[in-house]
Structures are given as C-alpha cells and as structure tokens.
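Heads up: the structure comes next, in structure tokens.
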Amino acid sequence: MRIVCLAGGVGGAKLAEGLQQQLEPGELTVIVNTGDDLELHSLLICPDLDTVLYTLAGIANPAQGWGVDDESWRVMDQLALLGEDTWFRLGDRDIATHLFRTERIRRGERLTDISLAIAAALGVPSNVLPMADEPVRTRVRTDGGWLDFQDYFVRLRQLPEVREVRYEGADKSTVTEEVRGALNDADAIMLAPSNPIVSIGPILAVPGLVAEVAAARARGVAVLALSGIVGGKALRGPADRMMSSLGHEPSALGVARRYAALGLIDKFVLDTQDAALEGAISALGIGTVVTNTVMADSSSRANVAMRMLAAALEVRTAAGPGQDG
Ligand code: FO1
C-alpha cells in the first residue's frame with residue numbers, strides 16, 4: 001500500500017514511525033511542513049523535516065522528541081561564551097545536518113533533493129519530502145506584534161495569545177514533482193495529529209496541494225485525519241490555545257470541522273476519550289473511527305497506524321470495485 005502522510009514535527013513523526021513499521025520500504029512518503037524553518041548562525045534549520053528524518057532513522061532524542069539522541073552541546077556552550085543568543089538549542093550532531101543542508105542550498109540544490117540525500121544517508125526506508133522547495137515562513141501576530149514562528153514557539157515558550165497566522169512565501173511556493181507524484185500514486189493520504197493551524201496549515205497553503213488531494217479523493221483514494229487534540233487538550237504544543245484564540249473550538253470536533261470545511265477528508269480518527277464527539281463529527285458528513293490515539297511508545301504508534309490503515313481500506317472497499325488502479 002502506498003501511503004502519503006502530511007506531517008508537522010513531533011506528533012507527525014510518531015504517526016509516520018507507526019506507518020513505517022507497518023509498510024514495506026518505499027511505501028511511505030511523508031510530506032513535511034517547512035513553515036517552521038529558520039536561518040540562524042548562518043545555517044538553514046528545518047525543524048520538522050529533521051524531526052521526521054531523525055524519528056524514522058531511529059536516532060531521535062526520545063525525551064525531547066526533536067533533535068538527535070546521544071547529543072552533546074559543545075558548540076552551543078562555546079557560542080554562549082562568545083555572547084551569542086543560544087535560546088534555540090542546536091546539538092553538535094544536529095549541527096552536522098544543518099551544515100550539510102546549508103552548503104547544498106548555497107550550491108543551488110533543491111531542498112527536496114537534500115532531504116532525500118539525508119534520508120538515504122541515515123538509512124530511512126521512507127521518502128521524506130519538504131512540502132515545497134521555495135521558502136515558506138509561518139509568522140504569528142500576538143498583542144506584541146508579528147513574530148517569527150520559532151521566536152513565538154521556543155523563545156517565548158508559546159505564551160502569547162496568537163491573534164493571526166500567516167504563511168509568508170506560500171503564495172509563491174509550488175507543488176514539487178515528487179509531492180505530486182506521491183499524491184498521484186497514493187492508495188491513502190493521512191493527515192497526522194499535528195497542529196492543524198501551524199503544522200498542517202502551511203502544507204495545505206502550498207497552491208495546488210489541496211487540489212491534488214481532492215483529485216486523489218475523486219479517484220477513490222481514502223483521506224483520513226487524526227486529531228492531535230484529545231479531551232480538549234493538545235497532546236503537545238499550543239494547538240488547543242491557538243484554536244481558541246483564532247475562534248475555533250479547541251477540541252477534536254474543532255479540528256474535524258476545519259478539515260471538513262476544506263472538503264478534504266473521508267474519515268476522522270478520534271480518541272476514545274472524545275467518543276461523545278462522534279455524533280457531531282459524523283454530522284459533518286465524514287466517517288469516524290474511535291480508538292486509542294495516544295502514541296506514547298513504539299507499539300502504540302504501530303497500533304494507531306494499523307487502525308488507520310484498516311480504516312483506509314474500509315473507505316476503498318466502500319467506494320466499490322474499479323477504484324483500485
Ligand atoms: N524546541 C524547543 O523547545 N527548544 C529548542 O531549543 C529547540 C531547538 C531545536 C533545534 C532543532 C530542531 O530541529 C528542533 C528544535 N526544537 C526546539 C523543536 C522545534 O522548535 C519544534 O519541534 C517545531 O518547530 C514545532 O513543530
């Protein structure tokens with residue numbers, strides 16, 4: 001089965017890891033948010049791409065969810081001694097990735113090719129693609145003005161209320177051949193339990209991408225989404241508060257409404273804790289799957305992935321014969 005997963009950072013990487021465990025090498029393609037990217041210390045840093053790559057390579061730092069395991073911080077310590085800002089922590093091994101990537105970007109290579117090269121070097125058996133090759137930068141407006149995403153997320157620890165979000169550069173970005181090819185060949189498309197506004201939002205803002213997903217759906221390809229908000233709380237990060245401050249209900253229903261409004265999904269997967277929301281979600285005209293969705297360890301990631309793959313097959317079966325091409 002060829003599966004495409006749209007993902008942000010830590011939550012997206014967990015579902016991708018579960019899917020990778022269940023699939024044959026090469027069957028999974030992860031299309032990753034690059035709106036969180038930043039330039040720092042003259043390096044291009046792509047946090048969500050790296051989180052997915054490190055997780056699928058089995059070298060992610062398990063406590064943080066981002067960065068590399070077995071890390072040292074000598075470069076950061078030395079930069080701090082020199083009086084540089086070190087609120088965005090880059091480990092020594094992680095810095096090698098940013099050096100590798102930045103050098104190749106300077107030579108004019110595409111972020112897609114660089115990401116595929118990193119995946120190959122790390123032995124990742126899945127395809128990990130940036131959502132676009134052109135730079136897109138998520139910015140958030142708080143009462144103190146517009147902020148770069150990592151300024152808000154890491155430096156200010158997501159404390160300010162978010163009043164508005166924009167994806168700068170998205171209008172000039174394009175769907176790559178690799179992303180189009182993966183969506184064309186997909187048997188199912190899955191939206192990871194990442195923040196619907198600042199992780200999945202930038203991916204859907206790449207002009208033409210929603211149309212590609214819609215075209216896949218029209219061919220009978222199952223499109224599923226998993227809620228990253230459980231019991232009204234984001235499993236990680238500020239998605240619940242962000243949904244509230246932007247006028248959306250901070251719940252699995254709020255997430256389902258957002259994707260249903262785009263006419264994007266066939267089925268929505270919600271946690272057993274949110275079973276009471278199932279009726280309201282079905283009323284949006286989409287199918288529902290209620291299961292344990294919290295992916296604390298490798299076996300729960302595999303279970304969620306298995307449940308989602310089974311749900312995708314049900315959509316395809318219900319679509320009837322002739323859809324299997
Ligand atoms: N998150 C933090 O909370 N503090 C950090 O210092 C930090 C550094 C960092 C470096 C590289 C990287 O790939 C990720 C890093 N993250 C850090 C995580 C990152 O801010 C978030 O995972 C995402 O951008 C949100 O998806």
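Atoms within each ligand, like the ligands themselves, are counted from 1 in listed order. These figures come from a predicted structure and were not determined experimentally.
Here Trp87 has backbone heavy atoms under 4.0 Å from ligand 1, and that is the only part of it that gets that close. The parts of Phe88 lying near ligand 1 are both backbone and side chain, judged by heavy-atom distances below 4.0 Å. Heavy atoms of Asn33 found under 4.0 angstrom from ligand 1: none, in either backbone or side chain.
Remark: ligand 1 and Ser199 share no N or O pair separated by less than 3.5 Å (distance only, no angle test). Residue Gln150 places at least one N or O, backbone or side chain, under 3.5 Å from an N or O of ligand 1. Ligand 1 has an N or O atom lying under 3.5 Å from an N or O atom of Arg89, backbone or side chain.
Of the protein's non-hydrogen atoms, the one nearest atom 3 (O) of ligand 1 is Val154 CG2, 3.9 Å. At the shortest separation from atom 13 (O) of ligand 1 among protein heavy atoms lies Pro47 CA, 3.2 Å. Looking only at heavy atoms of the protein, atom 21 (C) of ligand 1 is closest to Phe153 CE2, 3.8 Å. Scanning all protein heavy atoms for the shortest distance to atom 11 (C) of ligand 1 gives Asp94 OD2, 3.4 Å. The closest protein non-hydrogen atom to atom 25 (C) of ligand 1 is Asp36 OD2, 3.1 Å.
Side-chain contact check for Glu314 versus Lys267: some heavy-atom pair is nearer than 4.5 Å.
Below 4.0 Å from some heavy atom of Leu90 lie the following atoms of ligand 1, by number and element: 10 (C), 11 (C). Set against the non-hydrogen atoms of Asp48, the atoms of ligand 1 under 4.0 Å away are 23 (C), 24 (O), 25 (C), 26 (O).
Distances from atom 15 (C) of ligand 1 to the heavy atoms of Phe149, Trp66, Tyr152, Tyr54 put Trp66 nearest.
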* Step-by-step side-chain hydrogen bond (donor to acceptor under 3.5 Å, both in side chains) determination, Glu278 to Thr288 -> CA-CA 7 Å; Glu278 193 180 8; Thr288 51; 2.8 Å; yes

* To do: Please step through side-chain contact (heavy atoms from CB on, under 4.5 Å) for the pair His41 and Met76, ending with a clear verdict.
  => CA-CA 11 Å; His41 313 300; Met76 279 294 107; 4.1 Å; yes

* To do: Please report the C-alpha distance between Asn33 and Ser199 in whole Å, then the side-chain angles of each, then the deciding distance to 0.1 Å, and finally whether the side-chain hydrogen bond (donor to acceptor under 3.5 Å, both in side chains) criterion is met.
  => CA-CA 6 Å; Asn33 170 41; Ser199 299; 4.5 Å; no

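Ion pair Arg110/Glu178 flagged as a salt bridge, since at least one NZ, NE, NH1 or NH2 atom sits closer than 4.0 Å to an Asp/Glu carboxylate oxygen. A salt bridge does not link Lys172 with Glu134: every distance from a Lys NZ or Arg NE/NH1/NH2 to an Asp or Glu carboxylate oxygen is 4.0 Å or more. Note on Arg217 versus Asp266: salt bridge recorded, some NZ/NE/NH1/NH2 to OD/OE distance being below 4.0 Å. Classification of Arg155 and Asp85 as a salt-bridged pair fails, no side-chain N sitting under 4.0 Å from a carboxylate O.
With Val213 as the partner, the side chain to side chain contact (heavy atoms under 4.5 Å, CB included) test is satisfied by one option alone out of Ile189, Val4, Val221: Ile189.
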